[in-house]
Amino acid sequence: DMDMEGVFRADSKLYQIVEKIVNLVKLNMIWILFCIPIVTIGAANAALHEIALQILNGEEGYIVPSFYKAFRKNWKKATKLWIPLFVVGIGIYMDVMFWQQINGVVADTMKGLVLVIGMLYLFLSIYSYPLTVHMETGVKLTIQNSALLAFKYLPKTIYMAVWIGILWMIGKIWAIGLLIQILMGGSMAAVLHAAVLKKIFENEKIIEPMENNKELECSKVEKETNG
């Protein structure tokens, strides 16, 4: 009995793992819900990164209100960023559909070109929404910074893109994989990305390292207690 009680205590490892999984499912569901109106996708992606980073840092509170707060905060700038990305995304999709129906050398060359453009688009998307959360820059500068970081940290960028591929593929080839994809595909990708992006952003001085934040908090507390 004591062992069972220990397993379900709030500070036990199993409880913490289950809590993280539940939070990932909640985050994924609210993200999907907020993406449905389409025009809200940009702000939903920005909020997804913000809460994924909180989960990664163990700082998450109540997922739904936190997500809504992040969504509202990022609404304006993330939507401005989403509009050109959405238009380009539609263009790439239409190109794919068009060239798939045609055979021949030219068509094969174009398919290859569209694939490369599609990959570059994915790279930009991985960085642009998280950047818009952490930086107060216009759309043009956010996209430029995304491109610079994507190529400066190319192996890490490819690693993040591969995870999207893996999470997409498991849903196609495995029934349990499809369930995982539906329940927490987006939030899992966001947390995996946040782990990589956090290091990149700290390196580029875009965000403060966690240790610095903790030291600042400690020094504030010390000053208040001493003062």
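Because only heavy atoms are used, hydrogens play no part in the values below, and waters and symmetry mates are left out as well, while side chains stay in.
Not a single donor-acceptor pair under 3.5 Å links the side chain of E50 to the backbone N or O of V133. When atom types are taken as modelled, the side chain of N74 and the backbone of A70 share a donor-acceptor pair closer than 3.5 angstrom. Side-chain N or O atoms of E60 include none that pairs as donor or acceptor with a backbone N or O of N23 at under 3.5 Å. Without hydrogens or angle criteria, Y121 side chain to L85 main chain gives a donor-acceptor distance under 3.5 Å. K77 contributes no side-chain N or O that, together with a main-chain N or O of V139, makes up a donor-acceptor pair within less than 3.5 Å. The backbone N or O of I143 lies less than 3.5 Å from no partner atom in the side chain of S128, so there is not a single donor-acceptor pair. With hydrogens and angles disregarded, a donor-acceptor distance shorter than 3.5 Å links the side chain of K20 to the backbone of I55. For the pair N28 (side chain) and L183 (backbone), a donor-acceptor distance under 3.5 Å is present.
Counting heavy atoms from C-beta on, the side chains of I32 and I182 never come closer than 4.5 Å. In this structure the side chain of I38 reaches within 4.5 angstrom of the side chain of W82, judged on heavy atoms. Using a 4.5 Å heavy-atom threshold, the side chains of W75 and T40 count as touching. The side-chain heavy atoms of D108 and W99, taken from C-beta on, include no pair separated by under 4.5 Å. The side-chain heavy atoms of M94 and F98, taken from C-beta on, include no pair separated by under 4.5 Å. Contact of the K198 side chain with the L53 side chain is registered, since non-hydrogen atoms from C-beta on lie closer than 4.5 Å.
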Derivation of the side-chain contact (heavy atoms from CB on, under 4.5 Å) call for Y127 and N145: CA-CA 8 Å; Y127 286 89; N145 288 337; over 6 Å; no

Stepwise side-chain contact (heavy atoms from CB on, under 4.5 Å) check, F151 with L120: CA-CA 10 Å; F151 288 101; L120 294 175; 3.4 Å; yes

Trace of the side-chain contact (heavy atoms from CB on, under 4.5 Å) decision for H134 with L131: CA-CA 5 Å; H134 301 294; L131 272 177; 5.8 Å; no

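Cluster annotation: I102 is connected to V96 through the hydrophobic network of ILVMFWY side chains, with a link wherever side-chain heavy atoms come within less than 4.5 Å. By the rule that hydrophobic residues join a cluster once side-chain heavy atoms approach within less than 4.5 Å of another member, I164 and L154 end up as members of one cluster. Note on M110 and I90: same hydrophobic cluster, where clusters join Ile, Leu, Val, Met, Phe, Trp and Tyr whose side-chain heavy atoms are under 4.5 Å apart, directly or indirectly. Note on L124: it does not cluster hydrophobically with L115, by side-chain heavy-atom contacts below 4.5 Å among ILVMFWY residues.
Here the straight-line distance linking atom CD of Q54 with atom NE2 of H49 works out to 10.0 Å at 0.5 Å rounding. From L192, atom CG reaches atom CG of L167 across 6.5 Å, with rounding to the nearest 0.5 Å.
Counted by atom type alone, W31 and N45 present one or more donor-acceptor pairs between their side chains at under 3.5 Å. Using a 3.5 Å distance cut-off with no hydrogens or angles, the side chains of T137 and T142 do pair a donor with an acceptor.
Ring pair F71/F67 is parallel by interplanar angle, where below 30° counts as parallel and above 60° as perpendicular.
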